[in-house]
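A quick write-up on the structure given underneath.
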Amino acid sequence: MRELRNWALVCFLLFIPQLAGAPRNTWIATWAASPQPTAPNPRKPLLNIEDQTVRERVRVSIGGAQICLRFSNEYGSAPLLIGSATVGVSADPASVRPGSIQTVTFGGRNSVTIPAGAPVLSDPVAFPVASGAEISISLYFPKRVATPTLHALALKRAVVSQHGDYTRAEKIEAAAASESLILVSAVLVPAQPSQRLVVAFGDSVTDGDGSTVEADHNWPSDLIRRLGKTPEGSKVGVVNEGIVGNRLLNDCFIASAGCFGVSALARFDRDALAVPGVTHIVLLEGINDIGFPGAKLGGGYLADPADVRAPEELIDAYRQLISRAHAHGVKLIGATISPFEGVDVPGYYSESKEAVRQTVNKWIRTSDSFDGVIDFDAVLRDPEHPSRLFPRFASEDHLHPNDAGYQAMADAIDVTFFK
């Protein structure tokens with residue numbers, strides 16, 4: 001009887017894997033962009049799409065034999081229909097390499113309706129990508145897209161077709177162009193053992209404002225190329241979750257400029273902790289909390305002049321993000337806030353705001369609260385005028401770095417943080 005019971009137990013244990021089914025892939029993000037809402041604007045092509053195809057491009061950080069795409073209707077006010085979708089190897093903004101187009105499906109179907117407020121993941125696509133490869137994603141929208149979810153600062157040109165489905169065309173004759181992204185918010189590849197993922201989480205200095213369009217010269221992209229030259233390069237992915245104008249503590253929406261995104265505290269779970277494969281986050285946020293109050297853009301205030309933030313408020317926000325990251329077993333690396341005297345937005349800089357920046361930066365450097373510190377302030381400041389950007393690293397607005405400045409930021413990062 002005992003032998004019979006033992007044999008029954010062995011048979012049950014052997015049967016468990018069959019109940020569970022075949023092992024499934026674990027995925028890791030190789031590219032990402034934070035979803036943003038937008039204001040209606042009849043002059044912007046991506047806000048006036050109907051029976052048209054959009055072809056946009058992304059550059060991955062780590063490679064894989066398959067990809068999976070995430071599309072976002074998280075700020076849509078109505079369900080959104082993707083009539084068809086394809087991927088291809090990019091040749092230029094409008095073209096893909098001959099023979100490279102692959103169909104993207106959703107539950108085996110070529111089209112999908114995304115509910116308002118929701119994202120959707122595609123089926124895996126047998127589309128091998130190499131580290132650093134640029135891919136084209138083509139989306140056909142049969143119906144009018146009233147309130148699309150965008151990423152405003154893509155720094156790559158997307159093309160919008162004449163009327164019709166051109167997702168399988170090797171070249172699209174562009175009716176319009178945009179430097180924003182519509183819908184696509186992540187590209188995933190199958191994860192490999194020992195891979196790590198760095199999420200660059202921040203504002204416009206992470207998003208890459210001030211860098212050259214089509215050059216992939218924001219600091220996360222520069223870091224990808226730097227890591228690619230190391231023996232560990234294929235094991236560390238980097239994705240950029242920066243948003244122009246983003247703040248730690250407050251959402252920001254300006255009628256004339258659109259949405260700068262919900263606050264870092266509000267979007268941290270979605271745009272950092274929920275990114276598949278995340279192991280490390282580099283946090284560069286706070287400059288707009290300091291600079292926005294009383295600053296004027298387009299005749300209106302970026303933030304109420306009375307909404308001045310004390311250093312302790314920013315520090316409390318950092319502590320909260322550190323705790324939330326550690327609760328998920330993710331390391332959070334803090335970055336100091338770069339100088340901004342001389343910025344061309346009236347009211348953005350003042351000596352009192354500079355004092356707040358200095359106090360916050362001192363805490364970042366000395367508190368021992370982060371899992372590591374990157375001193376971007378020390379890299380970018382003018383040694384003879386520390387409240388300003390070093391002229392060689394400054395873009396025309398004196399707020400954002402130029403290509404050389406972003407490269408200096410990437411070069412200053414201690415990559416042993418990511419081991």
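We number each residue from 1, following the sequence as shown.
Looking at residues two or more places apart in sequence or on another chain, you find a side chain to side chain contact (heavy atoms under 4.5 Å, CB included) between Asp269 and Leu273, Arg324.
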Show your reasoning for whether ring-ring contact (aromatic ring centres under 6.0 Å, His included) applies to Tyr166 and Tyr140.
CA-CA 7 Å; Tyr166 295 95; Tyr140 171 57; 8.5 Å; no

As a quick check of understanding, evaluate side chain to side chain donor-acceptor pair (under 3.5 Å) for Asn48 and Arg43, giving each step before the final call.
CA-CA 8 Å; Asn48 294 276; Arg43 294 172 296 179; over 6 Å; no

Check the pair Asp371, His280 against side chain to side chain donor-acceptor pair (under 3.5 Å), reporting the backbone distance first and the verdict last.
CA-CA 9 Å; Asp371 296 292; His280 299 75; over 6 Å; no

Might you work through the side chain to side chain donor-acceptor pair (under 3.5 Å) test for Asp207 and Ser204, ending with a clear yes or no?
CA-CA 5 Å; Asp207 215 2; Ser204 55; over 6 Å; no

So Ser34 and Glu241, side chain to side chain donor-acceptor pair (under 3.5 Å) or not? Walk me through it.
CA-CA 5 Å; Ser34 298; Glu241 297 279 12; 2.6 Å; yes

Could you pull out all donor-acceptor pairs under 3.5 Å where a side-chain atom in residues 173-183 meets a protein atom, sequence neighbours excluded?
residue : atom : partner : partner atom : Å
Ser178  : OG   : Ser180  : N            : 3.0
Ser180  : OG   : Ala152  : O            : 2.6

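With salt bridges taken as basic N to acidic carboxylate O contacts below 4.0 Å, none links Arg225 and Asp216. At a threshold of 4.0 Å, the pair Glu170-Arg97 does not count as salt-bridged, since none of the basic side-chain nitrogens sits closer than that to a carboxylate oxygen. We find that Asp51 and Arg144 are not joined by a salt bridge, their nearest charged nitrogen and carboxylate oxygen being 4.0 Å or further apart. Using a cut-off of 4.0 Å between Lys/Arg side-chain N and Asp/Glu carboxylate O, Glu50 and Lys143 are scored as not salt-bridged.
Between Val184 and Arg70, the closest side-chain pair of non-hydrogen atoms is not below 4.5 Å. Within the 4.5 Å cutoff, side-chain heavy atoms of Phe71 are placed close to those of Leu139. Residues Arg309 and Ile290 fail the side-chain proximity criterion, which asks for heavy atoms closer than 4.5 Å. Contact of the Tyr318 side chain with the Leu283 side chain is registered, since non-hydrogen atoms from C-beta on lie closer than 4.5 Å.
Asp344 CG: more than 12 foreign heavy atoms inside a 6.0 Å radius. More than 12 heavy atoms of other residues, nucleotides or ligands shown are found within 6.0 angstrom of NZ on Lys156.
Relative to the ring axis of Phe201, Arg267 places its NZ or CZ within 45° and under 6.0 Å from the centre.
Ser263 and Arg247 share no donor-acceptor pair across their side chains, judged by distance under 3.5 Å alone.
Using cut-offs of 30° and 60° for the angle between ring planes, the Phe376 and Trp219 rings count as tilted.
Residue Ser211 comes nearest to Leu155 through the heavy atom pair OG-CD1, 3.4 Å, listed as atom of the first residue, atom of the second, then distance. Across all their heavy atoms, Leu380 and Ser338 have their closest contact at CD1-CB, 3.8 Å.
Atoms CD1 and OG1, on Ile114 and Thr149 in that order, are 8.5 Å from each other to the nearest 0.5 Å.
Counting only residues at least two apart or on different chains, no salt bridge (charged side-chain N to carboxylate O under 4.0 Å, His left out) pair has a member in residues 402-419.
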